[in-house]
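Data block below; observations after.
So you know, we letter chains A, B, ... as the sequences are listed, proteins then strands, and number each from 1.
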Protein chains: 2
Amino acid sequence: MNIGAAATESGLPAKTIRYYEEIGLINPDRGENSYRDYSDQHVHKLRFLQRARSLGFSIDECRQLMSLYEDDSRASADVKFLANKHLEEIEQKIAELASMRDVLKNLVNSCHGDARAECPILDDLARTGAKLHGN
Amino acid sequence: MNIGAAATESGLPAKTIRYYEEIGLINPDRGENSYRDYSDQHVHKLRFLQRARSLGFSIDECRQLMSLYEDDSRASADVKFLANKHLEEIEQKIAELASMRDVLKNLVNSCHGDARAECPILDDLARTGAKLHGN
DNA sequence: ACTTTACCTTCCAGTTGAAGGAAGGTTTAT
DNA sequence: ATAAACCTTCCTTCAACTGGAAGGTAAAGT
């Protein structure tokens, strides 16, 4: 299977698949024309990567997950640990974004949004803030 | 004021301040020793940037906000539009992360996390999925 | 057979927003 | 005098791709 077909099957762009090869995530065979040749196994791997990436795992975490996946003697605890760590990072990220959202929402709500220059949003951004170091 | 002091005052690392200069966000004066010299105005701008960045505005959005801030004849509607667009992006991002979180949470919960190899997390990542394109 | 179109190849540059470090000049403190 | 704490510029690296150029190959149309 050529890279185009592998892309279609895996849901990953061809560019990305080449990139994954470059960083050692996957190693397709090569045909006589030097075209990459993907087996169903390869496509399976690609889909694994696609799914893991879509859940927000980093490339490095994907690498670890793949290696666990291919390790028959793995302990599910190791997988769970990875997944749980990632879950916590996501929750952390959500909390940060939610905090930004709350502040922004207030600012947006407090702004008239008309032709006048007066703007609580800019006022907030520009406010000196409580300088803890005195002055 | 030297860059170190400006860093302390603004809450931005000196490295970042130099970077902001490189990309044209701020233009400090230079002393005879070629050291950058920041006025209170400059520091004020830096703090503006710090605050906007902390709310997740991109550098480019910061640029626009700064330019609105310095434009006496601005319309608050323009600021509100920018802020609102950003707010929507944040909410979008939160929704994506929340969706990842929900899936991951289920997976983590379903995994024993013991010494056995069997692991629903990997099973999920590896599952072929419903192939919509037939076969 | 010829041509167009649709693939494929490699390589290089750009993206975002910095952080890290080397090599060296300056200033301040001891 | 000398050490430390600054400052300077320049270059490299990070994640995870994406886009494009220049060129080779294959399949389809005429």
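Residues B/E89 and B/E61 meet the side-chain proximity criterion, which asks for heavy atoms closer than 4.5 Å. Residues A/R53 and A/Y20 form a side-chain contact, since some pair of their non-hydrogen atoms from C-beta on lies under 4.5 Å apart. In this structure, the side chains of B/R18 and B/E22 stay at 4.5 Å or more apart for every pair of heavy atoms. In this structure, A/I23 and A/R63 have side chains that are in contact, with non-hydrogen atoms separated by less than 4.5 Å. Side-chain atoms of A/L97 and A/M100, non-hydrogen and from C-beta on, do get closer than 4.5 Å to each other.
Atom-to-atom, CD of B/E22 to C1' of D/dT8 comes out at 14 Å; the value is rounded to the nearest Å. Here D/dA26 presents its P atom at 13 Å from CG of A/D37, a figure rounded to the nearest Å. Spacing between atom CZ of A/R18 and atom C1' of C/dC7 amounts to 10 Å, rounded to whole angstrom units. Rounded to a whole Å, the CD atom of B/E21 is 14 Å from the C1' atom of D/dC10. Remark: C1' of D/dA15 and CG of A/L49 are 15 Å apart, rounded to the nearest angstrom. Spacing between atom CD of B/E32 and atom C1' of C/dT27 amounts to 14 Å, rounded to whole angstrom units. As rounded to whole Å, 14 Å separates atom P of D/dT25 from atom CG of A/N2. Summarising the geometry, the separation between CD on A/Q50 and P on D/dA16 is reported as 15 Å, rounded to the nearest angstrom.
Each of D/dT9, C/dC8, D/dA26 was ranked by its minimum atom distance to the side chain of A/N33; first place goes to D/dA26.
Phosphate contact (OP1/OP2 of D/dT9, side-chain N/O of B/R30, threshold under 4.0 Å): present.
Counting any heavy atom pair closer than 4.0 Å across all strands shown, A/I23 reaches no nucleic acid atom. B/R36 comes within 4.0 angstrom of the backbone, heavy atoms only, and of no base.
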| task | If a protein heavy atom is under 4.0 Å from the base, mark B; if only from the sugar-phosphate, S; if neither, -; do that for nucleotides 17-25 of chain C going 5' to 3'. | result | BBSBB---B
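Partner of B/E21 under the salt bridge (charged side-chain N to carboxylate O under 4.0 Å, His left out) criterion, chosen from B/K15, B/R30, B/K45: B/R30.
Under 3.5 Å, the side chains of A/Q92 and A/E96 contain a donor-acceptor pair of N or O atoms.
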